[in-house]
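Encoded as structure tokens, the structure appears first; notes follow it.
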Protein chains: 2
Amino acid sequence: MPATLRDVAELAQVSVRTVSNVVSGYEHVSERMRRKVLRAIEELDYRPNPVARTLRTGRTGMLALVVPEIDVPYFSELARDVIDAAAEVGYRVMIDQTGHDHERERRLLLGDDRAMLFDGILFSPLVTKSELLDMHGSTRMPLVLLGEHEFDGRYDHVAIDNVQAAHDAVSHLAAIGRTRIAAIGAQPLEEYTTPLQRTAGYEAALREAGLEVRPEYATAAAHYSRSDGYAAATALLSVSPRPDAIFCFSDLLAMGAVRAVFDAGLSVPEDIAVIGIDDIEEGRFARPSLSTVSLDTPFIAREAVRRISARIENREAPAAEVVAPHRLIARESTLGPGRGPAPERG
Amino acid sequence: MPATLRDVAELAQVSVRTVSNVVSGYEHVSERMRRKVLRAIEELDYRPNPVARTLRTGRTGMLALVVPEIDVPYFSELARDVIDAAAEVGYRVMIDQTGHDHERERRLLLGDDRAMLFDGILFSPLVTKSELLDMHGSTRMPLVLLGEHEFDGRYDHVAIDNVQAAHDAVSHLAAIGRTRIAAIGAQPLEEYTTPLQRTAGYEAALREAGLEVRPEYATAAAHYSRSDGYAAATALLSVSPRPDAIFCFSDLLAMGAVRAVFDAGLSVPEDIAVIGIDDIEEGRFARPSLSTVSLDTPFIAREAVRRISARIENREAPAAEVVAPHRLIARESTLGPGRGPAPERG
DNA sequence: TTGTAAGCGTTATCAT
DNA sequence: ATGATAACGCTTACAA
């Protein structure tokens with residue numbers, strides 16, 4: 001059995017109050033007492049029980065990060081930054097993946113049984129905003145939404161300007177002279193905001209460049225995975241006229257699309273230029289290296305942790321929205337060979 | 001303020017005992033009572049406080065997964081499988097990354113302050129075995145070691161046969177006629193077991209194939225990252241005689257190595273064949289697709305969770321070792337083009 | 001079958 | 001500056 005505060009108090013011949021004071025670094029403790037207590041702690045190898053402390057204080061010191069799939073590079077890179085940012089302010093991070101399962105997202109937001117072992121949730125959701133709000137309504141768990149959803153003033157929000165990011169990517173393709181620009185990542189069946197916004201940016205940029213918006217160029221992808229990108233790109237190759245560029249709604253889709261183009265005997269970017277969004281490290285070393293719109297995940301992580309901390313401190317404060325910066329990074333998949341890998345970001 | 005058991009009891013006009021029975025699904029509760037209680041629960045929107053429950057029962061229902069870096073694909077894919085496997089038996093997973101920081105690993109194992117908010121640790125360590133044992137000694141936190149360390153009978157262990165895996169990779173290179181086989185991933189300065197074992201397998205396979213073991217072919221890599229692979233491969237290209245194959249101790253190293261070879265104006269596998277270890281999805285879509293030794297992460301995850309559950313149930317049971325299977329997967333980076341991507345595993 | 005009450009290990013309130 | 005003691009919200013003997 002591990003030693004408790006009482007055991008220490010007994011051995012040191014002081015009250016539990018004093019031991020607690022020493023442990024939690026209370027100022028007004030005499031040097032003599034402190035020594036006695038520390039000696040007893042040492043001897044008993046005492047460690048405070050965080051659960052008891054939590055029950056008393058109401059703080060677990062843990063955050064939950066909820067993402068669709070942790071093994072998607074964008075999310076694992078985000079997770080790395082979130083864990084680091086959280087560690088800096090004394091939080092640890094529990095990760096949950098919903099696996100594109102709305103039901104699992106729902107349960108999480110409802111705070112079912114042991115879900116509540118953390119002080120707040122950083123949520124990168126699949127479900128649409130309104131559903132989400134309804135679900136989370138009754139529980140008062142601090143919540144910060146990550147990603148690209150519309151700000152509705154009810155929840156803290158760390159987003160990126162999706163429309164603009166998509167717009168920038170497509171404008172780049174137009175600027176290098178591409179005229180038949182397809183897209184992969186629309187999701188006509190569902191009402192996810194991300195694909196809707198990116199589609200909007202895509203179409204706006206096309207119009208701005210004086211290019212035609214062809215419905216047959218806007219293809220769907222269920223999961224933003226490499227294999228979805230591969231499949232969608234393969235299908236696009238037999239559309240007539242064949243696209244000369246593909247804008248993918250994620251880098252992972254783009255990795256699959258690039259491979260598909262080469263498997264069809266064509267070349268990137270000569271025959272078809274490809275650009276993604278996210279700036280995952282994989283794309284920087286790929287062949288050709290992937291042009292993309294870089295999202296500032298360290299910034300997102302830092303802001304998310306800052307927002308959730310503030311929310312935990314004060315649940316009544318008005319909801320805030322912060323928009324993370326993004327920037328276009330042109331590499332070989334649009335510009336052609338000759339630009340080596342860039343191990344550094346950017 | 002959220003409702004407590006007492007509030008529910010009061011409203012339902014029953015004792016807390018009865019409410020608790022209903023909540024935790026105790027059998028012997030009359031239908032009438034159960035109804036009354038459920039109605040009150042509904043009305044008050046009551047949710048059990050998991051912290052209080054934990055303080056009482058000693059179980060948090062959480063596991064910690066400790067890895068060097070969550071954004072390394074091998075670890076994020078492992079994390080995905082661990083989270084899923086844990087969810088199946090009612091556990092949730094907290095992830096911590098040590099970032100190659102021995103001190104952080106140490107603190108985790110020592111169970112410092114709020115570290116102990118979980119029932120057990122799944123630990124994929126950097127530090128050597130003996131150090132680790134000394135550190136963990138005093139705390140009795142259930143622990144299962146993941147990865148490729150020697151079994152010493154004191155801790156549960158889910159490992160792979162590192163020597164054999166490396167051997168298989170190198171034998172494959174020899175079998176396709178390569179004679180100047182280099183390696184990337186040794187770490188002469190530190191005593192990590194993984195690189196030592198893989199180096200052993202590498203050298204054994206060379207000898208078995210009647211090939212010379214050249215020290216200048218065994219290069220180091222600090223972090224098994226893409227950029228380390230890139231740098232090491234670049235260096236290898238100016239060794240004379242130039243290698244005609246490179247065995248990388250991880251797929252990520254291999255991704256960097258492949259890019260380096262092409263940047264040097266050479267070709268994979270024509271000039272230099274490349275093989276890795278891990279079988280991350282990235283390698284299946286890369287160009288050329290990456291030959292590798294596939295580690296069965298779902299198996300590892302399942303066994304790890306099984307072991308830690310057993311250990312939590314019975315801390316006195318003898319330590320067990322489980323060896324996860326591996327198998328060689330030859331793709332384009334050793335066999336040449338013509339084998340399309342394999343979205344499915346293998 | 002259900003009620004009463006004693007903890008689980010802290011922190012925090014009230015004294016002194 | 002320190003001691004005694006009441007919570008925190010739950011589970012579980014022990015009683016009834």
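Side chains are part of it too, since the values below use all heavy atoms of this structure and drop only hydrogens, waters and symmetry mates. Order of the sequence lines sets the chain letters (A, B, ...), proteins ahead of strands, with each chain counted from 1.
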- Task: Search all heavy atoms of A/Gln97 against all heavy atoms of B/Asp84 and return the closest pair with its distance.
- Result: NE2-OD1, 3.3 Å
- Query: On DNA chain C, nearest-nucleotide positions of B/Ala52 versus B/Val14: which is more 5'?
  - Reply: B/Val14
- Task: Might you point out which heavy atoms bring B/Val322 and B/Glu303 nearest each other, and give the distance in Å?
- Result: CG2-OE1, 3.7 Å
- Query: Have A/Arg53 and A/Asn49 got a donor and an acceptor in their side chains that come within less than 3.5 Å?
  - Reply: no
- Task: Would you grab the first and last nucleotide of DNA chain D (5' to 3') that comes under 4.0 Å of any non-hydrogen atom in chain B?
- Result: D/dG9 to D/dC14
- Message: List the residues meeting side chain to side chain contact (heavy atoms under 4.5 Å, CB included) with B/Arg56, not counting sequence neighbours, and say none if there are none.
- Response: none
- Task: Please check if atom CD in A/Glu88 has more than 12 non-hydrogen atoms from other residues, nucleotides or ligands closer than 6.0 Å.
- Result: no
- Task: Using a 4.0 Å heavy-atom cut-off across all strands, classify A/Val23 as base, sugar-phosphate, or nothing.
- Result: nothing
- Message: Exactly one of A/Val67, A/Val158, A/Asp156 should register a side chain to side chain contact (heavy atoms under 4.5 Å, CB included) with A/Leu146. Which one does?
- Response: A/Val158
- Across the strands shown, which category fits B/Ser30 at heavy-atom distances under 4.0 angstrom: base, sugar-phosphate, nothing? sugar-phosphate
- Task: Specify the residue among A/Arg56 and B/Arg17 whose closest nucleotide of DNA chain C lies further upstream toward the 5′ end.
- Result: B/Arg17
- Outermost DNA chain C nucleotides near chain B [under 4.0 Å, heavy atoms]: C/dT1 to C/dG9
- Task: Might you confirm whether atom CZ of B/Arg35 has over 12 heavy atoms from other residues, nucleotides or ligands at distances under 6.0 Å?
- Result: no
- Message: Are more than 12 heavy atoms, taken from residues, nucleotides or ligands other than A/Arg6, located less than 6.0 Å from that residue's CZ atom?
- Response: no
